[in-house]
Amino acid sequence: MALSASDVAAMYSLLANSMSADHRLRGPAEEALAQSESRPGFCSCLLEVITAKDLASQVDVRLMATVYFKNSINRYWRQRRDSTGISNEEKVHLKQKLLMHLREESDQIALMLAVLISKIARIDYPKEWPDIFLVLSQQLQSADVLASHRIFTILFRTLKELSTKRLTADQRNFAEISSQFFDYSWRLWQSDVQALLHGFSALSQNYNSNADDQQHELYLTYSSFQKQYPKFWDFLKRSCTKLMKILVAIQGRHPYSFGDKFVLSSVMDFCLNKITDPEPNLLSFEQFLIQCMVMIKNILECKEYKPSLTGRVVDENGVTLDQMKKNISSAVGGVVTSLLPNERIVLLCNVLITRYFVLTASDLEEWYRNPESFHHEQDMVQWTEKLRPCAEALYIVLFENNSQLLAPAVVSLLQETMNNCPTTVTEITSALLLKDAAYGAAAYVYYELSNYLSFKDWFNGALSHELSNDHPNLFIIHRKVAVILGQWVSEIKDDTKRPVYCALIRLLQGKDLSVRLAASRSLCLHVEDANFSEREFVDLLPLCWDSCFKLFEDVQEFDSKVQILNLISTLIGHVSQVIPFANKLVQFFQKVWEESAGESLLQIQLLVALRNFVIALGYQSPICYNILLPLLENGIDINSPDELNLLEDSMLLWEATLSQAPSMVPQLLSYFSRLVEIMERSFDHLQVAVNIIEDYIILGGNDFLSMHATNIAKILDLVVGNVNDKGLLSVLPVVDILIQCFPMEVPPLISNTLQKLIVICLSGGDDRDPSKTSVKASSAAILARLLVMNTNSLAQLASDPSTSQLLHAASIPVQENILLCLVDIWVDKVDNVSSIQKKTIGLALSIILTLRLPQVLDKLDQILSVCISVILGRNDDLTEEESSGDMSSSTSPDEGTIPSKEFRKRQIKLSDRVNQLSLEDSVRDNLQTCAAIHGESFNAAMSSMHPSVFAQLKQALKMP
């Protein structure tokens, strides 16, 4: 039932109650809102609440309404199969009303309204909302200050949203919008900036009215001005930062235009000077310095400024665009070289390390106050957000471009700082902090420094000694050593692995959380490394597990828990001795699940760890079912609040659980119905779903079929005909194995699917499309199997009027018996299938010989040619997989072990009736039947056969 204007008051009450601290009010309100989301008129009611003048003061309720509105756009604006969505009429109403409400006084609400408009525009522009920019630009002409600000906010958010679309058509649309708005925005910006500069100039002149020399400049760098006019100072800082961001964006988007020598040289020299020799006040101006570093980094990395390795093509008509670009690149290379001579490169490198890498007093204070936050800020923060990570990113690029020049300089600086601060020093001095900075510099460029610095000597001579010193002040160095041990993993040779593993576990047991978290990250890198030595690590496992569990208990932050859980998951996936610690791990996972409510990212990491755990346990995996099955049941529930976040990893865990299960248990058997709901929602997880179905068939057998036959039919009918060729190729093996395992029971259940396969086989359009050829060939092989294993079933399906109706609806003309039409497909596609499928097609064609249809004789030559080629070529055409299967046909699991999934699959293959039948005998017997049916007509057909084909037939059938 649709919501209307009469429901607005009730909607307001629900929104207000949803924010109540009283759960007795909040719970029912949230539930009622959730139930109303999909009802027509829901968004209209929300918008009435947001824009109601009498509710202007109720910002919190209105803000909550915008949140529900945004969620509804994400979920229901696009038409979906499982939802009616928002009607077109309501969409038109919402868009019109949003563009009329441009004088919103609350900044928070105005920003959210701009976000709402941008989200809708991303979906509807230009087809369903072509006039959005026209309406906004028209209203801008007569808008006052408030309305102008709101319109510009909407334009900014909408343009930013549209700029992220990557399809060619979307980028073309964005270019058209930009061409319309840029000139107007540029002139408006120039006018506003001139007005601002004039005002600032007048202000500064007034402030310096007693000065002898009046200049038309802004005296905003005086500390006294900063104190007297803090708002203006803050505005200036933000404006300068924004201007630098614009320059960075222009360079990134238009590198060749920016490469003009008057532009590039001025900007680059300015930025280099600000980085290497900043004014005192600029050191506190971090965001501006960050943008200067970003600019230099982008210029050094810019591929358009690199010399081209391709040859020059002479164009008689003049210089080509490509040649112009090469000329610019060459010129830019000269500018960069002139601005960055060797001396300046070394200076920049030293300044980055000794000034920007060094921990400050505020850094140390933050570390003492919250070591977890400090670790994550240093370890995971985006490099463009903080000064030190940005300096590190610039240093890495500078080093990569000039490694031969800088490697000796960095090693020299490292040795100098180590000499100035021996391993016995425990006071936090400038020398110790400088050594920490040099350690960081050495950590980030290990791949080049390894030619100049022996890790073994460094570790034995300094790093190990520093780690043996437990003085509390040494945590600074300990953390950086932990980082070094992780970064240099590829350079740590066999004779050093053991002491490094011991060092990392010792750091994992330390007192400082930042150090322990750094050690956990580095240990994870070692375990993941291709040269990880389990032999050197195995006796450390008990201590390692306990240290990980203890660290998980000690940390508080979500990111820390995810990081530790990732280490535990990695350990499970890379060490062989997991079962002895299974009980401890089960208890740990149980605790993590209880603590992870509402933290979907942590739950995702837990699902990954559990998957590795199940695989490591193998057929002993049922020992963790007490925690695994409830968690799995929650994860595959599409009605769960966390379904969007957890479903993918839950399905991977589901697949692993089935493939490792020694037998089917009732709980797992009952979960299959969830797969129907998942597939009805979308095909996003089709390949995993296919693997799950296969696991159920192999593991569940007859019990599975008897309980879920209808569900299997639903899924196959839903998928076949509604997915692309890649999707079809993934699901067709399931149809094949179903017919193979249940040849009598399954065909009637999946008749709709089998009819679709007939349509696929008899349709055209695959001549130049390899994927369609593969789909048609695989479908034909399945129908051939059906004819071999349940001849009557395919015959009934071919003669069913509904099959003919489907073919007619698909515009596929059928002039003869459908079975005879399939003969042409089998003959045509036999070379596009596997060896076992070739034999299946041969057997099917031999059965066709028994039909009481005179047209069979018209195809006799083709049928026998295929059968002969399959018989004579089968020995040479066996795949490795089938060869290994035949070789192991007499093998069985060791006594006392549980058959694996692969063993069960092999047994199914070996018991396959196609494998057991003799194609030679089938052709020989059915030829005799054909002769008996058709008499002289058969003899005439055989007589007309080419002598060479007849000779091959005698050879294949071992006829005298």
Side-chain angles (χ1 to χ4, degrees), residues 725 728 732 735-736 754-791 793-800 803-834 836-871 873 914 919 922-923 926-927 929-930 933-934 937-938 941-942 944-946 949 952-953:
D725 294 333
L728 275 173
L732 289 177
V735 183
D736 189 66
L754 295 173
Q755 285 178 323
K756 291 179 184 179
L757 297 190
I758 292 175
V759 173
I760 290 172
C761 285
L762 300 185
S763 61
D766 66 310
D767 296 340
R768 297 182 180 179
D769 191 334
S771 63
K772 290 190 181 300
T773 298
S774 298
V775 168
K776 183 176 286 192
S778 298
S779 301
I782 291 172
L783 294 174
R785 174 180 287 282
L786 179 58
L787 185 63
V788 172
M789 303 189 75
N790 191 341
T791 304
S793 178
L794 183 60
Q796 292 171 3
L797 202 64
S799 60
D800 193 318
T803 304
S804 299
Q805 291 171 5
L806 273 177
L807 291 168
H808 179 73
S811 301
I812 300 173
V814 178
Q815 305 298 333
E816 57 184 353
N817 184 289
I818 289 176
L819 282 178
L820 295 178
C821 293
L822 288 175
V823 169
D824 296 333
I825 303 301
W826 287 327
V827 169
D828 183 46
K829 301 304 177 188
V830 69
D831 292 330
N832 298 106
V833 297
S834 68
I836 188 67
Q837 288 175 322
K838 287 180 180 179
K839 183 180 179 183
T840 307
I841 289 175
L843 289 167
L845 289 172
S846 73
I847 293 173
I848 292 294
L849 295 173
T850 65
L851 296 182
R852 295 181 178 274
L853 296 171
Q855 297 93 325
V856 169
L857 298 181
D858 298 334
K859 302 178 186 293
L860 183 62
D861 197 344
Q862 292 176 305
I863 290 173
L864 291 178
S865 294
V866 170
C867 292
I868 291 167
S869 67
V870 173
I871 293 170
V914 171
L919 179 56
S922 180
V923 173
N926 291 337
L927 269 177
T929 303
C930 188
I933 293 172
H934 299 287
S937 298
F938 173 81
M942 291 294 289
S944 64
M945 189 179 296
H946 194 279
V949 175
Q952 287 181 324
L953 177 63

Q: Kindly write out the residues that satisfy side chain to side chain donor-acceptor pair (under 3.5 Å) with Asn832, not counting sequence neighbours, or none if the list is empty.
A: none
Q: Report the distance from atom OG1 of Thr773 to atom NZ of Lys829, rounding to the nearest 0.5 Å.
A: 4.5 Å
Q: Look up atom CG in Leu822 and atom CD1 in Ile841, then write down how far apart they are to the nearest 0.5 Å.
A: 10.5 Å
Q | Leu843 backbone acceptor or donor facing Ser846 side chain under 3.5 Å | A | yes
Q. So Gln862 and Ser865, side chain to side chain donor-acceptor pair (under 3.5 Å) or not? Walk me through it.
A. CA-CA 5 Å; Gln862 292 176 305; Ser865 294; over 6 Å; no
Q: Verify, without hydrogens or angle tests, whether Ser793 (side chain) and Asn790 (backbone) share a donor-acceptor contact under 3.5 angstrom.
A: no
Q) Does any N or O in the side chain of Lys839 come within less than 3.5 Å of the main-chain N or O of Val914, such that one atom is a donor and the other an acceptor? A) yes
Q.
Less than 4.5 Å apart, side chain to side chain, heavy atoms only: is that true for Met942 and Asp861?
A. no
Q. Got Leu757 and Leu732 here, is their nearest side-chain heavy-atom distance under 4.5 Å?
A. yes
Q: Could you tell me whether the side chains of Gln837 and Ser834 share a donor-acceptor contact shorter than 3.5 Å?
A: yes
Q. Between the side chain of Ser799 and the main-chain N/O of Gln796, is any donor-acceptor distance below 3.5 Å?
A. yes
**Q.** Set of residues satisfying salt bridge (Lys or Arg N to Asp or Glu O under 4.0 Å) with respect to Lys859, sequence neighbours excluded
**A.** Glu816, Asp824
Q | Straight-line distance of Ile760 CD1 to Ile825 CD1, nearest 0.5 Å | A | 12.0 Å
Q. OG of Ser869 to NZ of Lys838: how many Å apart, nearest 0.5 Å?
A. 7.5 Å
Q | side-chain contact (heavy atoms from CB on, under 4.5 Å) evaluation trace for Ile933 with Leu849 | A | CA-CA 10 Å; Ile933 293 172; Leu849 295 173; over 6 Å; no
Q. Going from CG on Leu857 to CD1 on Ile863, what distance comes out if it is rounded to the nearest 0.5 angstrom?
A. 9.0 Å
Q: Mind jotting down which residue pairs meet the side-chain hydrogen bond (donor to acceptor under 3.5 Å, both in side chains) criterion with at least one end in residues 803-813? Sequence neighbours excluded, please.
A: Gln755-Thr803
Q) Quick one: does Trp826's side chain have a donor or acceptor within less than 3.5 Å of a partner on Ala781's backbone? A) no
